[in-house]
Amino acid sequence: MSESFWLGGTYIKHEGGYEIILKSLNHYKKRLKTLGQSPELQNSAAMFASVLNQEARKTIPIIDGTIEKIHDILRGVKEYDSLYNDVKFLEKALSCYKSDIQKAQDTGNEYFVKLVGDMKAASNDIEPINTAKCKINTCI
């Protein structure tokens, strides 16, 4: 990244992108904590579910660290480009949140509706999610 400038960091810190990213990270964490209740997982083999739950337990501390890094950036303790290497992880959290919103809307499944919470607010998050996914991948 030494030759280019990461516009995604400017979006996160100065354009309020941190809000949807933090919301998505918190949703992703909640999703992983309730993975065993997911209708998608309940139909899978017990061994597969066990592996997914183990991976979820490993991922939650990464989410917590990323959330803390964003808070440090907002407080001015760290530079926003310290998040550059986390772009793929941020995309994963944004995609998870968007996917769960769409599943809640399309299926009305109680698990997804409860996971997403306020459906109206979540529906309004689709566009900011798309914007965030685009902007965090932008370098000049």
Side-chain angles (χ1 to χ4, degrees):
M1 195 179 98
S2 59
E3 303 271 333
S4 61
F5 180 77
W6 182 46
L7 289 175
T10 302
Y11 164 74
I12 291 170
K13 185 172 182 179
H14 301 293
E15 296 177 31
Y18 66 88
E19 292 175 356
I20 193 64
I21 291 173
L22 287 172
K23 195 172 194 178
S24 296
L25 287 165
N26 283 311
H27 173 84
Y28 189 31
K29 182 177 174 179
K30 187 176 175 182
R31 173 75 148 110
L32 293 175
K33 285 184 173 185
T34 62
L35 196 58
Q37 300 165 20
S38 171
E40 301 156 326
L41 198 59
Q42 290 181 355
N43 297 328
S44 65
M47 188 170 93
F48 181 63
S50 174
V51 170
L52 285 177
N53 281 318
Q54 286 177 357
E55 288 303 310
R57 283 192 294 276
K58 291 178 189 176
T59 304
I60 289 171
I62 297 169
I63 295 169
D64 290 336
T66 306
I67 290 170
E68 186 60 32
K69 192 183 292 186
I70 292 170
H71 286 294
D72 286 347
I73 290 166
L74 294 174
R75 287 191 300 265
V77 176
K78 288 188 177 184
E79 294 297 318
Y80 60 77
D81 61 350
S82 67
L83 267 178
Y84 181 74
N85 292 327
D86 299 317
V87 167
K88 294 295 178 202
F89 189 74
L90 297 176
E91 284 180 313
K92 193 172 192 174
L94 289 160
S95 294
C96 174
Y97 184 36
K98 180 180 177 181
S99 174
D100 287 349
I101 292 168
Q102 291 171 330
K103 289 173 190 170
Q105 290 172 333
D106 295 346
T107 68
N109 183 289
E110 181 183 352
Y111 171 77
F112 293 109
V113 171
K114 185 176 177 184
L115 185 65
V116 167
D118 182 348
M119 289 298 296
K120 183 174 181 177
S123 294
N124 292 334
D125 285 340
I126 296 288
E127 186 156 333
I129 289 169
N130 292 335
T131 300
K133 287 173 73 173
C134 178
K135 288 203 173 198
I136 65 173
N137 277 303
T138 305
C139 290
I140 58 169

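In what follows, residues are counted from 1 in the order of the sequence shown.
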(request) Indicate, with yes or no, if F89 and I60 share a hydrophobic cluster defined by side-chain heavy-atom contacts under 4.5 Å among Ile, Leu, Val, Met, Phe, Trp and Tyr. (result) yes

(request) Determine, using the 4.5 Å side-chain heavy-atom cutoff (strictly less than), whether L74 and I12 are members of one ILVMFWY cluster. (result) yes

(message) Using the rule given for side-chain contact (heavy atoms from CB on, under 4.5 Å), can you reason through S24 versus K98, listing the C-alpha separation, both sets of side-chain angles and the distance that settles it, and then say yes or no?
(response) CA-CA 8 Å; S24 296; K98 180 180 177 181; over 6 Å; no

(request) Begin from the C-alpha positions of S99 and K103 and carry the test side-chain contact (heavy atoms from CB on, under 4.5 Å) through to its verdict. (result) CA-CA 6 Å; S99 174; K103 289 173 190 170; 3.3 Å; yes

Between [Y] and [X], is there a side-chain heavy-atom distance shorter than 4.5 Å?
X: C96; Y: D100; value: yes
X: S38; Y: R31; value: yes
X: I20; Y: T131; value: no

(request) Tell me, yes or no, whether the heavy-atom count around K92 atom NZ, taken from other residues, nucleotides or ligands under 6.0 Å, exceeds 12. (result) no

(message) Check this for me: E15, atom CD, are more than 12 non-hydrogen atoms of other residues, nucleotides or ligands nearer than 6.0 Å?
(response) yes

(request) Please report the closest heavy-atom contact between Y80 and K13, naming both atoms and the distance. (result) CD2-CD, 4.1 Å

(request) Could you tell me which non-hydrogen atom of P128 sits nearest to which non-hydrogen atom of Y11, and how far apart they are? (result) O-OH, 3.9 Å

Name the atoms and distances for all side-chain donor-acceptor pairs under 3.5 Å in residues 61-70, with sequence neighbours left out.
unit_1, atom_1, unit_2, atom_2, d
D64, OD1, K29, NZ, 2.6
T66, OG1, I62, O, 2.8
E68, OE2, R75, NH2, 3.1
K69, NZ, S82, O, 3.4
K69, NZ, D86, OD2, 2.6

Which value, rounded to the nearest 0.5 Å, describes the distance between [X] atom [atom1] and [Y] atom [atom2]?
X: T59; Y: R57; atom1: OG1; atom2: CZ; result: 10.5 Å
X: Y28; Y: L90; atom1: OH; atom2: CG; result: 11.0 Å
X: I101; Y: D125; atom1: CD1; atom2: CG; result: 5.5 Å
X: I21; Y: E91; atom1: CD1; atom2: CD; result: 10.0 Å
X: K23; Y: I129; atom1: NZ; atom2: CD1; result: 8.5 Å
X: Q105; Y: Q102; atom1: CD; atom2: CD; result: 7.0 Å

(message) One pair to check against side-chain contact (heavy atoms from CB on, under 4.5 Å): I136 and L94. What are the steps and the verdict?
(response) CA-CA 11 Å; I136 65 173; L94 289 160; 4.0 Å; yes

(message) Does L115 form a side-chain contact (heavy atoms from CB on, under 4.5 Å) with Q37? I'd like the steps, not just the answer.
(response) CA-CA 10 Å; L115 185 65; Q37 300 165 20; over 6 Å; no

(request) Specify whether Y84 and W6 have parallel, tilted or perpendicular ring planes, treating 30° as the upper limit for parallel and 60° as the lower limit for perpendicular. (result) perpendicular

(message) According to ring pair (Phe, Tyr, Trp, His ring centres under 6.0 Å), does anything in residues 94-131 pair up with another residue at least two apart or in another chain? List the pairs.
(response) H27-Y97

(request) Go through the structure and list residues passing side chain to side chain donor-acceptor pair (under 3.5 Å) with E55, not counting sequence neighbours. (result) K58

